[in-house]
Amino acid sequence: MAELPAREAMEFDVVVVGAGPSGLASAIRLKQINPDFSVVVVEKGSEVGAHILSGAVVDPVGLDRLLPDWRSEDTPIKTAVTDDRFYYLSAAGALRLPNFMMPPLMSNHGNFIVSLGSVCRWLATKAEGLGVEIYPGFAAAEVLYDANGAVAGVATGDMGVGKNGEPKDSFTRGMELHAKYTLFAEGARGNLGKQLIAKFGLSNEREPQKFGLGLKELWQVAPEKHRKGLVQHTFGWPLDNSTGGGSFLYHFDENLVSVGFVLHLNYSNPYLSPFEEFQRVKTHPLLRDIFAGGKRLAYGARALTEGGYQSVPKLSFPGGALVGCDAGFMNVPRIKGSHNAMLSGMMAAEAAAAALSAGRSHDELADYDAAWRGSSIGKDLRKVRNAKPLWSRFGTLAGITLGGLDMWTNTFGLSLFGTLKHGKPDYATLKPASECVPITYPKPDGKLTFDRLSSVFLSNTNHEEDQPAHLQVRDMSLQKSSEHDVFAGPSARYCPAGVYEWVEEAGAPKFVINAQNCVHCKTCDIKDPNQNITWVPPEGGGGPNYPNM
């Protein structure tokens, strides 16, 4: 590739990478503290909210602290939870768990059912009203460092580069955004966050981060099927006892239902398909009738951080900090993270504001890292710290029972188990295919259950086809000798968007990557057994365009 022109540069007090709940909360809080701070948010989606996907039942504690008067405004947060149900599913039946048996922290009363994408769009208007600059369609592709090795900002990716790596007629050089402090709010398995964790050793002496894959559909159901305010969670079927996960079903707004499935990515059978398990769970008698006469409106998928208290890395490093799911603040039993994401963004903003006010720059925001465990975030995660390892260690029935008991005792500041370890990272949990039984999934009916390609169509995913691959395979021969020959090609099953295929060519298997289908869930980056696939940002604006997920 010919030598490129130098990038233009812009100077800011704070650069925020990612316009999700944590990033927008950071930007808003900085401007609340000092309107003169220069703050910019870069977002890889085509617009704010385009890449946001969550259940979502929101605990309003973060909003209450950031924008205390939000309840008196016209917001997209309209549906309060009125009915909260938990079920254990067998193949044909459902056992409801009495609410009085659930630990108090599991109650959803006082929470709200929302489209988190719509909430982020609303938060963006708040941020812009305070003077925050927001640049959607610009992917932060590179961390910039100063002469001392401190983070000095980010560079956005070049636009208009062909597959061959050469500039096209439409080529535009990326921008350098220089900052005194940079906050990384990319969401689960953030590309730059992953690099920073490795460079600065932020996960040293921490447990491995754990992940889940969340898949979701948005339906418009028949009015007589709608139960506005109903929140329903299930575990058990269609998964076996050794595989963690479950479904969610949320009724909100006008005849809308969010239905989804979360699969823990520490599963062991390479023949398992998270997408197919999601389609199967909708056929259960408890769920299927809800969708009769309804219409599927949208589909998407996204990785979730599940390691919790034990796995949160060091949050600060010279010149910046991790916030939200770049750090991993999701509460797994509650399936909630946006409240902690917002609170962490506010904490990081307050630490950065104090540093800027003291005339500091490019040093470590140590107060932020030191404070989180004693904050409401730490208290929230500490109470549930053993739920995930108990589930992984003892299976669904025993693990959830023990986890519930531990959460009850933690209500009073006690724990039966101390702080358990997670064990292996998720990429190391697959068994060789020779030790596992293939799973035969039913064909989709096109009414209640669907195939992956028609689902991806509903995600409005689009990538410029003539661009460098954003799914990078380090060693293609290893992909054949291990991923295919040992593990029977699980990438063709764990990907919820049909990106990966093993096809026969000239009598030999060939690995095919359909990058244009990618919904940016990051599962391949997490679950590949050899860590041989790396997700990097494609050209800015590429990927899904979720309207209201």
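Scope of the values below: all heavy atoms of this structure, side chains included, with no hydrogens, waters or symmetry mates. For reference, positions follow the sequence shown, starting with 1.
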Is R302 positioned over the aromatic face of Y546, cation under 6.0 angstrom from the ring centre and no more than 45 degrees off axis? no
Should the pair K199 and F317 be classed as cation-pi, given the thresholds of under 6.0 Å to the six-membered ring centre and 45° from the axis? no
Residue that, paired with P313, satisfies side chain to side chain contact (heavy atoms under 4.5 Å, CB included) out of N204, D326, I197: I197
Does the [X] side chain pair with the main chain of [Y], one donor and one acceptor, at a distance under 3.5 Å?
X	Y	value
Q531	I526	yes
Y368	L322	yes
S415	G418	yes
S115	N548	yes
S459	V456	yes
E350	M347	no
K216	M549	yes
K168	D466	yes
H51	N545	no
Q32	L66	yes

As an exercise, state the distance from CZ of R29 to CG of N34, rounded to the nearest 0.5 Å. 11.5 Å
Tell me if the NZ atom of K383 is crowded by more than 12 foreign heavy atoms within 6.0 Å. no
Could you check whether atom CD of E73 has more than 12 heavy atoms from other residues, nucleotides or ligands sitting under 6.0 Å from it? yes
Look at the rings of Y500 and Y494 and say which category their plane angle falls in: under 30° parallel, 30 to 60° tilted, over 60° perpendicular. perpendicular
Donor-acceptor side-chain pairing of [X] and [Y] below 3.5 angstrom:
X	Y	value
E207	S311	no
D475	N532	no
Y427	N530	no
N191	K522	no
R65	S376	yes
N514	N517	no

For the rings on H178 and H362, is their centre-to-centre separation under 6.0 Å? no
Any chance the rings of F112 and W70 have centres within less than 6.0 Å? yes
Carefully, step by step, assess E47 and R121 under the rule salt bridge (Lys or Arg N to Asp or Glu O under 4.0 Å). CA-CA 9 Å; E47 63 174 7; R121 291 183 183 93; 3.2 Å; yes
Specify the closest pair of heavy atoms between I377 and S344, including all atoms of both residues, with the distance to one decimal. CD1-N, 3.5 Å
How close do G543 and H520 get, heavy atom to heavy atom, and via which atoms? CA-NE2, 3.4 Å
So D380 and N340, side chain to side chain donor-acceptor pair (under 3.5 Å) or not? Walk me through it. CA-CA 9 Å; D380 185 54; N340 285 337; 2.9 Å; yes
